[in-house]
Participant: 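Sharing a structure below in structure tokens format, with a few things to ask.
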2 protein chains.
Amino acid sequence: MPAGLTPDELAQVSAIASSTRTVRQGTRLYAAGDPFQSIYAIRTGSFKTVLVHRDGQPQVTNFYFSGYTLGLDAIGDGSYRCDAIALEDSVVCILPFRELNAVGQGSGEIQRHLMRLMSSEMARRGDMQVVLGMMSAGQRVATFLLNQSKWMRVRGYSNAEFVLRMSRTEIASHLGIKIETVSRMLRKFGEAHLIEHHGRHIRILDLDGLARVES
Amino acid sequence: MPAGLTPDELAQVSAIASSTRTVRQGTRLYAAGDPFQSIYAIRTGSFKTVLVHRDGQPQVTNFYFSGYTLGLDAIGDGSYRCDAIALEDSVVCILPFRELNAVGQGSGEIQRHLMRLMSSEMARRGDMQVVLGMMSAGQRVATFLLNQSKWMRVRGYSNAEFVLRMSRTEIASHLGIKIETVSRMLRKFGEAHLIEHHGRHIRILDLDGLARVES
DNA sequence: CGTTTTTTTGAGTACCCTCAACAACGGTGG
DNA sequence: CCACCGTTGTTGAGGGTACTCAAAAAAACG
């Protein structure tokens, strides 16, 4: 919860964010249908959110890294809409929504910050619609790599070399393609000298080239 | 802006929602990049939101009918992220965000309602991710028809017979498939006696059958 | 009624999926 | 330390779904 808050407001938020929770790799922070009580700010680690379709097949709707906030889409329903599962051992701040609202009552800035969070989450999903709606498999994988690269840079790491936190299966599900296709596209990018990869280890050789991928 | 507000709060919201705007078919309520000032509640009519990809191809991200609220995803950026275009002659209530926030300051309920709106919009986009990520063309079209049917019922019309407000091109773009495929799927559903269709006029014969469409 | 746009239909093709087998990795226990 | 095994990831061959291209039919418009 950074950005634009007065020290006083920050203190108020910190006060209710006092409790944290550790989530081991592969375990759930919350499950679809659980009653909504808190939103969670990721302090360390990363998560995926999974929506289970009626036929039982799960779809990875998003990935979240430290700094991001989970559970915002539950406000409307009163219950979480998807499972949130840790990709690695992670720690989250628990922000009880009731208390957050009480504090926000006195401070327009806190409320506005919450809305900004929700709004940018909406925007992210809108962008994902474009990826899933009009991009080829190659473009989807390229976009995914570029996003990863950007996130790494934002978090202070190299944007050219990093280790993916998620499996091929999770990547494929998120991009709406099959795991074999992810594999093939990575190989193709390797042959085109756009990247080098070794399992989950990725080195980007040509950022611009990736952005120009056609199919 | 219905639901759960006290008469006093409702009066406050109504006060700032005094001005309306008429948007003719095919014209824009707002454009991507416009500075964010207001959100808009649809009083009558319907809209599509369009996100233009870097290569110039537009993607229809969503359809909105009366009762829905437009522009919520602009709060984060400070500018609208997509074009909102009227599918028919429409009227919207203008809700200046600054004033809405000022009023909301005194009323937690108004703030919470705004958040519920944003949250359910997020949820809708999440559902769309599932449609685009793991459904066949047939399932996408079936899902689209069922959604239309549901919206019609909510608005008090027949859920079995209605006229689509959008073109095949817009449907196809929204579903991430090609216009010819939409056409073919509708014909297929007709041959299977799930629907009857005549241009934009749709009659659903077998709701359960549509829900069971596999490919 | 002619013109333009939208929708439908058909034939051929490309991309991605399916199925299957193999290789690489990581943990466990002998 | 290495053999063993389950999991995860890679590679290949073949097939199916949806796309592309093209043209006709239908609808919308002035």
Participant: Side-chain polar contacts of residues 127-140 of chain B - donor-acceptor pairs under 3.5 angstrom, sequence neighbours left out - could you list them?
Facilitator:
{"unit_1": "Asp127(B)", "atom_1": "OD1", "unit_2": "Arg81(A)", "atom_2": "NH2", "d": "2.6"}
{"unit_1": "Asp127(B)", "atom_1": "OD2", "unit_2": "Arg81(A)", "atom_2": "NH2", "d": "3.1"}
{"unit_1": "Gln129(B)", "atom_1": "NE2", "unit_2": "Thr61(A)", "atom_2": "O", "d": "2.7"}
{"unit_1": "Ser136(B)", "atom_1": "OG", "unit_2": "Gln139(B)", "atom_2": "N", "d": "3.3"}
{"unit_1": "Ser136(B)", "atom_1": "OG", "unit_2": "Gln139(B)", "atom_2": "OE1", "d": "3.3"}
{"unit_1": "Ser136(B)", "atom_1": "OG", "unit_2": "Glu214(B)", "atom_2": "O", "d": "3.4"}
{"unit_1": "Gln139(B)", "atom_1": "OE1", "unit_2": "Ser136(B)", "atom_2": "N", "d": "3.0"}
{"unit_1": "Gln139(B)", "atom_1": "NE2", "unit_2": "Glu214(B)", "atom_2": "O", "d": "3.3"}
{"unit_1": "Arg140(B)", "atom_1": "NE", "unit_2": "Met135(B)", "atom_2": "O", "d": "2.9"}
{"unit_1": "Arg140(B)", "atom_1": "NH1", "unit_2": "Leu175(B)", "atom_2": "O", "d": "2.8"}
{"unit_1": "Arg140(B)", "atom_1": "NH2", "unit_2": "Leu132(B)", "atom_2": "O", "d": "3.2"}
{"unit_1": "Arg140(B)", "atom_1": "NH2", "unit_2": "Met135(B)", "atom_2": "O", "d": "3.2"}

Participant: Does the side chain of Arg187(B) get closer than 4.0 angstrom to OP1 or OP2 of dT8(C) through an N or O atom?
Facilitator: no
Participant: Evaluate Asp73(B) against Arg125(B) for salt bridge (charged side-chain N to carboxylate O under 4.0 Å, His left out), listing each step before the verdict.
Facilitator: CA-CA 11 Å; Asp73(B) 59 349; Arg125(B) 295 190 183 192; 3.2 Å; yes
Participant: Heavy atoms under 4.0 Å is the rule here; annotate nucleotides 13-30 of chain D 5' to 3' with B where the base is hit, S where only the sugar-phosphate is, and - elsewhere.
Facilitator: B----SSBB-----S---
Participant: Would the number of heavy atoms belonging to other residues, nucleotides or ligands and lying under 6.0 Å from CZ of Arg24(A) be above 12?
Facilitator: no
Participant: Salt bridge between Arg184(B) and Glu180(B), side-chain N to carboxylate O under 4.0 Å?
Facilitator: no
Participant: Take atom CZ of Arg155(B) as the centre, draw a 6.0 Å sphere, and report whether it contains more than 12 heavy atoms from other residues, nucleotides or ligands.
Facilitator: yes
Participant: Do the side-chain N and O atoms of Glu161(B) and His201(B) include a donor-acceptor pair separated by under 3.5 angstrom?
Facilitator: yes
Participant: Less than 3.5 Å apart, any donor N or O on the side chain of Tyr64(A) or Glu121(A) sitting next to an acceptor on the other?
Facilitator: yes
Participant: Tell me the interatomic distance from His197(B), atom NE2, to dT6(C), atom P, rounded to whole angstroms.
Facilitator: 19 Å
Participant: Has the side chain of Asp55(A) got a donor or acceptor atom that lies under 3.5 Å from a matching backbone atom of Gln57(A)?
Facilitator: yes
Participant: Measure from CD on Gln139(A) to P on dA14(C) and round the result to the nearest Å.
Facilitator: 18 Å
Participant: Answer with base, sugar-phosphate or nothing: what part of the nucleic acid does Arg140(B) contact at a heavy-atom distance below 4.0 Å?
Facilitator: nothing
Participant: Using whole Å, report how far CZ of Arg168(A) lies from C1' of dT10(D).
Facilitator: 9 Å
Participant: Could you tell me how far apart Leu186(B) (CG) and dT7(C) (C1') are, to the nearest whole angstrom?
Facilitator: 11 Å
Participant: So does Arg43(A) have more than 12 non-hydrogen atoms from other groups sitting under 6.0 Å from CZ?
Facilitator: no
Participant: In whole angstrom, what separates Met134(B)'s CE from dC17(C)'s P?
Facilitator: 14 Å
Participant: In which ranges does DNA chain D form stems of 3 or more consecutive Watson-Crick or G-U pairs, distances under 3.5 Å?
Facilitator: C:1-30 with D:1-30
Participant: Give one of base, sugar-phosphate or nothing for His201(B), where a contact means two heavy atoms less than 4.0 Å apart.
Facilitator: nothing
